[in-house]
Amino acid sequence: MQDVVQWLKDNGNLKIIDAPLDVELEIPHVAYIEVKKDHSRPLLFTNPINKAKGITYEMPVLMNIFANQALTEKIFGRHPDVLAQGIDELLKLKAPKGLRAKLAMIPKLFSLKNVFPKRLRFKGECQEVIIPKEQVDLDRLPILKTWEGDGGPFITMGQVYTQSLDGEMQNLGMYRLQQHDKKSLGMHWQIHKDASHFFDQYQKVGKKMPVTVAIGGDPLYIWCGQAPMPHGMFEMLLYGFVRNKNAQLVKSITNDIYIPRDVDIVIEGFVDPEAMRIEGPFGDHTGYYTLQEPFPVLSVETITMKKKPVFAATVVGKPPLEDKYMGWATERIFLPMLKPMAPDLIDYRMPENGVFHNLIIAKMKTLYPGHAQQFMHAFWGVGQMSFVKHALFVGEDAPALQESEALTRYILNRLDASKVLITQGILDHLDHSSSKQFVGGKLGVDATGEPVEEGVESVLEDAELLAKIQAISPRVTALKQYMTDTKTPLCIIAVEKVKSQHKLIKKLKVLKSHIKLLVIVDAANNDLDEPYMLLWRVVNNIDAQRDVLLEPFIAIDATHKTEVDGFMREWPGDTFCTKEVLERLQEKGIIYIDETFIKKFGLLPF
Ligand SMILES: Cc1cc2nc3c(=O)[nH]c(=O)nc-3n(C[C@H](O)[C@H](O)[C@H](O)COP(=O)(O)O)c2cc1C
């Protein structure tokens with residue numbers, strides 16, 4: 001990572017912050033704010049400290065490595081679309097006809113030899129320093145505590161290397177790791193993920209599971225860790241494909257797991273299949289806290305590192321953050337892999353303010369009735385795509401998927417209750433909206449085809465419509481309409497919620513001639529003038545089976561849920577910055593933000 005630091009200085013406009021800053025809240029807050037700015041930069045904190053524990057760390061903390069799109073592209077060495085094209089060509093590989101075609105294929109096949117990782121017989125640079133078990137002390141690493149409500153410090157960019165019980169399959173997954181104490185880490189591999197499946201195998205036979213966690217090295221390892229590769233495919237194959245260079249792996253010192261030779265820090269250990277421990281809470285990439293839950297624990301056997309390691313970390317919370325850019329590359333590179341099951345798919349987008357799996361917008365060529373529904377089911381049935389809660393399909397004549405406004409207008413002109421599919425399926429482990437964890441509502445919208453014939457009968461001014469609604473329920477505090485020039489204007493209202501919103505929706509039937517699409521949010525912490533954060537809120541908070549009504553108009557209840565909604569789980573809170581920390585950082589001249597910025601990104605409660 002020292003090379004990466006130099007590379008970021010030369011290519012990424014790296015910002016170096018020498019002021020001593022605390023790993024608890026201060027450093028994470030600086031990184032959180034930086035990546036929300038236009039032209040955001042990677043950050044190197046050269047003097048991390050921990051005031052509460054009285055520690056001055058020996059290694060710097062590198063954050064926002066994927067600080068923006070241009071930098072992400074440079075890390076890949078090519079635009080992700082170019083890589084996607086390469087994958088597409090491989091998937092379509094046909095036996096060549098004729099000598100010329102055969103010759104043209106040779107370089108392609110030859111480059112494939114670089115895909116497979118190489119196992120080296122010697123030690124790696126990551127093993128220059130070896131800390132034996134008795135001297136292991138995780139407090140020596142500048143592990144960050146991001147949010148005030150977090151259950152402790154978490155390693156946020158750990159590459160978790162595991163293997164199946166029979167050693168046949170290897171896996172790299174990026175999972176957060178809670179520092180429980182000086183020698184153990186909580187393994188937050190979620191129930192659907194590969195390492196969790198491996199863990200099940202070890203648990204069944206009561207055998208300790210070897211795990212090695214790596215930090216740092218080529219930033220592409222980090223990206224590979226989060227890439228949704230099919231089960232059984234080692235992410236290092238993808239690394240080899242992107243870099244056109246075999247990943248070079250060395251054996252861990254105390255177990256048989258292989259890790260890249262050039263990572264900065266390596267934490268080796270075993271997970272006892274019987275010993276679970278409460279993990280969390282943790283302010284997650286949904287922008288909400290994930291609640292406490294038991295997860296396996298890694299007992300650390302040894303830590304190895306380079307002589308001059310750099311500690312890589314990220315911050316997750318409300319969008320936009322670094323995962324926006326990692327997710328963008330993933331979205332582009334995985335497009336060709338979706339096509340075999342959905343051949344008429346043209347393009348798709350999973351916007352970061354839809355928290356990726358909460359919203360997909362896909363463009364397709366429709367060939368027959370029900371084609372969009374067929375794609376919905378295909379998506380909901382395959383790999384991590386099955387976590388998607390809300391899937392909107394548009395036709396090939398739709399604007400480019402990046403043109404959010406034009407695209408929304410296109411959808412609103414085609415939105416029709418008869419083309420809305422509400423069903424049930426598996427949900428991301430982190431989803432908080434469904435009444436039962438892991439399973440809940442799915443919403444599919446077929447917005448392909450011609451615009452609907454009937455639009456809203458008459459559009460009222462916001463103030464007039466609000467007055468009419470308030471006459472029905474004084475708990476409605478604000479209203480804003482978007483895209484009133486479309487067939488289906490979007491009317492969003494804020495409420496002081498005390499009871500189920502279904503009752504309000506029923507009462508609003510009398511306003512059917514003025515409303516075709518209604519969205520309800522809580523009055524607290526929602527600004528009706530900020531569509532970016534509203535979308536984030538709405539797709540997070542709804543379970544379509546419970547919260548989307550198709551009568552008397554399409555209505556979406558995106559308020560927080562309680563017993564009045566039959567919701568008996570705990571509803572988590574938002575990730576908010578700590579006001580005093582923001583003020584302190586402003587005073588020190590480390591950050592510069594104003595009230596507009598704070599409100600725009602929901603940094604503090606309002
Ligand atoms: C910053 C970041 C943090 C993540 N944290 C977790 C986590 O704690 N647990 C988890 O299961 N997935 C987490 N993920 C998502 C996984 O990395 C992703 O689903 C990956 O494809 C899992 O790999 P696997 O299918 O090999 O298990 C995270 C992703 C990112 C970008």
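Read the numbers this way: they start at 1 and go in the same order the structure lists the ligands and their atoms. Because only heavy atoms are used, hydrogens play no part in the values below, and waters and symmetry mates are left out as well, while side chains stay in.
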Original post:
Heavy atoms only: which of Met233, His231, Gln384 is nearest to atom 19 (O) of ligand 1?
Top reply: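 Going through Met233, His231, Gln384 one by one, Gln384 has the nearest heavy atom to atom 19 (O) of ligand 1.
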Original post:
Among Met174, Met157, His188, which residue places a heavy atom closest to atom 6 (C) of ligand 1?
Top reply: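 Going through Met174, Met157, His188 one by one, Met174 has the nearest heavy atom to atom 6 (C) of ligand 1.
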Under 4.0 Å from a heavy atom of [X]: give me the atoms of ligand 1 that qualify, with their elements.
X      : result
Ala227 : 21 (O)
Glu235 : 26 (O)
Pro228 : 21 (O)
Leu172 : 26 (O)
Gly225 : 17 (O), 20 (C), 23 (O)

Report yes if some N/O of [X] lies less than 3.5 Å from some N/O of ligand 1; otherwise report no.
X      : result
Arg176 : yes
Met326 : no
Asp323 : no

Measure the distance from [atom] to every protein heavy atom, then report the residue, atom name and distance (to 0.1 Å) of the closest one.
atom                    : value
atom 29 (C) of ligand 1 : Gln226 CB, 4.0 Å
atom 24 (P) of ligand 1 : Tyr175 OH, 3.6 Å
atom 15 (C) of ligand 1 : Lys193 NZ, 3.7 Å

Subject >> From Gln163 atom CD to Phe234 atom CZ, the distance as rounded to the nearest 0.5 Å >> reply: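 The CD atom of Gln163 sits 9.5 Å away from the CZ atom of Phe234.
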I'd like to know if [X] pairs up with [Y] as an ion pair, taking the criterion as any Lys NZ or Arg NE/NH1/NH2 lying under 4.0 Å from an Asp or Glu carboxylate oxygen.
X      : Y      : result
Asp218 : Arg243 : yes
Lys306 : Asp264 : yes
Arg332 : Asp347 : yes

**OP:** Mind telling me whether Trp571 and His560 have parallel, tilted or perpendicular rings, with 30° and 60° as the class edges?
**Re:**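 Rings of His560 and Trp571: perpendicular, over 60°.
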**OP:** Specify side chain, backbone, both or neither for Asp194, according to which of its non-hydrogen atoms lie closer than 4.0 Å to ligand 1.
**Re:**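 The answer is both, backbone and side chain.
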Counting N and O atoms only, with roles assigned by atom type, does the side chain of [X] sit under 3.5 Å from a partner on the main chain of [Y], one being a donor and the other an acceptor?
X      : Y      : result
His188 : Arg176 : no
Lys183 : Ser299 : no
Asn171 : Tyr161 : no

